[in-house]
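What follows is a set of notes on a single structure, which appears directly below.
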Amino acid sequence: MKEYLISVFKELETQIPELKETQLIFEIPKSELHGDLSTNIAMQLAKKLRKNPREVANDILSKIKFDDNLISKVEIAGAGFINFFFNPNYLTYIIPKILDKKDNFGKSEKYSGKKANVEFVSANPTGPLTVGHGRNAVIGDTIANLLEWVGYKVDREYYFNNAGRQMRVLGDSVRLRYLELLGEKVDFPEDYYQGDYIKDIAQKLFNEYSDKLKNESAEGIFKEVAEKEIFDDIKKTLSSLNINHKIFYNEKSLYDEGNISDLLKVFEQKNLSYHKDGAIWLKLTSLGQEQDKVIVKSTGEPTYRLPDIAYHITKFNRGYDLIVDLFGSDHAATYPDVLAALRALDYDTEKVKVLIHQFVTIIKDGEIVKMSTRKANYITLDELIDEVGKDVVRYFFNMRNISSHMNFDLTLAKKQSDENPVFYLQYAHARICSIIRTVENENLKPSIENLDLLKTEEEKDLLKKLNRFEEEVLMAAENFEAHRICFYLEDLAAAFHKFYTFRRILGSEKNIAEARLALIIAVKTVLKNGLTILGVSAPEKM
RNA sequence: GCGCCUGUAGCUCAAUUGGAUAGAGCAUCUGACUUCGGAUCAGACGGUUUGGGGUUCGAGUCCCUACAGGCGCACCA
């Protein structure tokens, strides 16, 4: 429909040349009184033509003839909006379309043929995933889903580093706990990993090797076993949320394959780096950044920046059209340097979309829980999933704009069952399934023969909402905003529940009953597809 | 001190990217089923969009400023 209106206005360009320079926008008005689509084009033109907006609108309409089969009414309203009212029959076209496409309804081909990489979680294996990682994990996976729905071929990627200082400390933490088990008195440093999982790993090593590891170094078996155990747990946690990364990219391979040394040479050749105080610095100030930063320490060890840049270069070289980086606000300061460097090396950083999500504040028994991996004062993602379930976790993290500093009230979440919107959606789906089961016994079949009988307010409202789904998916994907899907689905479910309260299938005249049956099957399909994007199940019974 | 994010109803959050009368859920109050799932529906209450300036036909949204909170500001990642 939008396409139709755009084409009509395009034809008008010959008569009103200024139209070419204005952005033609059609939007769905907030209020139904303002029609099904609306444009502010007259107001935009008014400025250029130095005329009254309503006059311009009148002028435009006098020059256009609309197809009566599509548009039933056009009006000028407010300061100069032009509102379009669809022919009601047009709305019902969506039902056969949904019934035909089923699980694929809502998908589009707009970006088909394009490849995207979504990097998310990317926590180093130093401890179990926390609730904070959970937000990252869920958002990342859902964005990947959304991109797939609009045609991208998506790789989900996890970047990690098992070489640096963090991992050395991890290994040594395990070693010290192990020595404790041997009865040695050790002084366990405060800035080491305090969590019980370290003791568990030490215990495991003790069970297997007894005291044979007494003289092993932290970097050897202690680190290796710790990394493996913890990474296995991380993968298990993610998989319990149905999150499975295709690629685990180890920073170490960047050294092994020479990417790091190559990059250093390039910086040198392009005169983008210099030596000072025994370290190598990147000339970020010449790239518009605040200050130069060290890329190789005086010890000869690179800082994280260098591999970060090399890593992103591999993403370009791997041929992605879209590169999504998702991380928490604690890392927000690092990416501008990386992007500046990439730009200086002539990579098209328009392809890189950096998404920053704000932190989750955990509230338990009315108090804020301060979290720290090091101090082992945190709530793990596993605990959260155990307490509220996978669907609630996924829905909850998806339902808010990523820039919101969201609160997670754990006490409420635990007792939450009828208060949580995810149940509201699932209930609507299960209810429709139940109706279908019941109605089938009455020898009714969904029919699209008499959809024009769907003309009550409740039915029209549902039809309008069904008509919006494809665009919602596209908007959510293009803006990387999964929460729009949540709000849309809640809206749709509410419209269904209202329909259910006032309009019946059983007991209605057969043609109406069968048209309504087709309608609710369409609603069920859209609910399920929306929940699928979010990674939430759509149960047939609850 | 500097940078990024945030501030909207009692609480948790939206607002079609600058549009029309700022909307939902929860909480509170009042109502609604002898038949398809009451985990539901209808209604009421609730706002100086943190304060103050500015930009324009039009501002929750953009600019300036003050205040409050979160996150950063390494030769850690």
Side-chain angles (χ1 to χ4, degrees), chain A residues 25-31 33-34 38 40 43-44 46-47 52-53 77-81 83 122-124 126 160-161 164-167 169 251 276-281 290-291 293-305 307-308 328-334 336 356-359 361 399-409 412 416-421 423-424 426-428 430-439 441-442 444 468 471-472 475 479 481 483-484 486-487 490-491 493-494 496-508 513 516-517 520 541-542:
Chain A
I25 296 170
F26 293 95
E27 53 187 27
I28 301 169
K30 283 177 193 164
S31 164
L33 298 173
H34 301 135
S38 175
N40 64 351
M43 284 130 101
Q44 290 189 57
K47 199 178 280 183
N52 181 318
F81 292 99
N83 297 335
S122 294
N124 279 343
T126 59
F160 71 103
N161 171 24
R165 202 188 66 92
Q166 271 188 358
M167 296 301 288
V169 172
E251 180 186 320
K276 191 183 107 187
D277 302 334
I280 303 176
W281 297 68
E290 293 250 322
Q291 46 187 319
K293 297 273 175 64
V294 169
I295 48 176
V296 179
K297 300 186 239 175
S298 52
T299 59
E301 210 177 348
T303 64
Y304 70 90
R305 271 174 217 99
D308 261 17
S329 61
D330 54 338
H331 285 235
T334 68
I356 311 274
H357 70 263
Q358 295 301 315
F359 276 21
T361 304
M399 71 189 276
R400 261 134 215 180
N401 195 317
I402 69 169
S403 67
S404 87
H405 303 251
M406 68 176 284
N407 282 337
F408 197 116
D409 189 328
L412 186 76
Q416 206 171 31
S417 54
D418 54 328
E419 282 176 27
N420 199 304
F423 293 106
Y424 183 79
Q426 291 180 321
Y427 179 65
R431 204 179 205 185
I432 294 173
C433 291
S434 170
I435 295 170
I436 293 169
R437 285 191 296 269
T438 308
V439 161
N441 297 331
E442 303 292 325
L444 289 172
R468 265 174 42 205
E471 190 177 339
E472 289 289 339
M475 291 274 282
N479 291 298
E481 290 179 336
H483 73 280
R484 311 178 75 104
C486 297
F487 282 90
E490 285 174 40
D491 213 26
F496 163 73
H497 284 307
K498 185 167 182 175
F499 161 83
Y500 174 86
T501 305
F502 292 102
R503 308 295 161 193
R504 303 190 51 79
I505 293 175
L506 283 184
S508 293
R516 285 181 177 164
L517 187 52
I520 67 164
K541 288 180 182 175
M542 291 173 74

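So that the names make sense, note that chain A is the first sequence line, chain B the second, and so on, each numbered from 1.
- Contacts of Arg516(A) classified as side-chain hydrogen bond (donor to acceptor under 3.5 Å, both in side chains), with partners at least two apart in sequence or in another chain: Glu459(A), Ser508(A).
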Base, backbone or nothing for each nucleotide of nucleotides 56-62 of chain B, written B, S, -, heavy atoms under 4.0 angstrom, 5' to 3'? -B-----
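- By the ring-ring contact (aromatic ring centres under 6.0 Å, His included) test, Phe487(A) pairs with no residue at all, sequence neighbours left out.
- Under the side-chain contact (heavy atoms from CB on, under 4.5 Å) criterion, Phe26(A) pairs with Lys2(A), Leu5(A), Ile6(A), Phe9(A), Leu24(A), Leu37(A), Thr39(A), Phe84(A), sequence neighbours left out.
- Annotation: side-chain hydrogen bond (donor to acceptor under 3.5 Å, both in side chains) contacts of His331(A) (sequence neighbours excluded): none.
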Summarise protein proximity over nucleotides 71-77 of chain B in one line of letters, 5' to 3': B for base, S for sugar-phosphate only, - for none, counting protein heavy atoms closer than 4.0 Å. SS--BSB
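- Scored by the side-chain contact (heavy atoms from CB on, under 4.5 Å) test, Ala430(A) finds Met542(A) as partners (sequence neighbours excluded).
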Where does RNA chain B pair, written as one dot-bracket string 5' to 3', with Watson-Crick or G-U pairs under 3.5 Å, ( ) inside the strand, [ ] for crossing pairs and | for another strand? (((((((..((((.....[...)))).(((((.......))))).....(((((..]....))))))))))))....
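- In terms of the side-chain contact (heavy atoms from CB on, under 4.5 Å) criterion, residue partners of Asn161(A) (sequence neighbours excluded) are, by chain and number, Asn124(A), Ala163(A), Glu251(A).
- For Ser403(A), the side-chain hydrogen bond (donor to acceptor under 3.5 Å, both in side chains) criterion is met by Asn401(A), not counting sequence neighbours.
- Annotation: ring-ring contact (aromatic ring centres under 6.0 Å, His included) contacts of Phe499(A) (sequence neighbours excluded): none.
- Listed by chain and residue number, nothing satisfies the side-chain hydrogen bond (donor to acceptor under 3.5 Å, both in side chains) test with Asn407(A) (two or more places apart in sequence, or in another chain).
- The C1' atoms of rC13(B) and rG18(B) are separated by 22 Å, rounded to the nearest whole Å.
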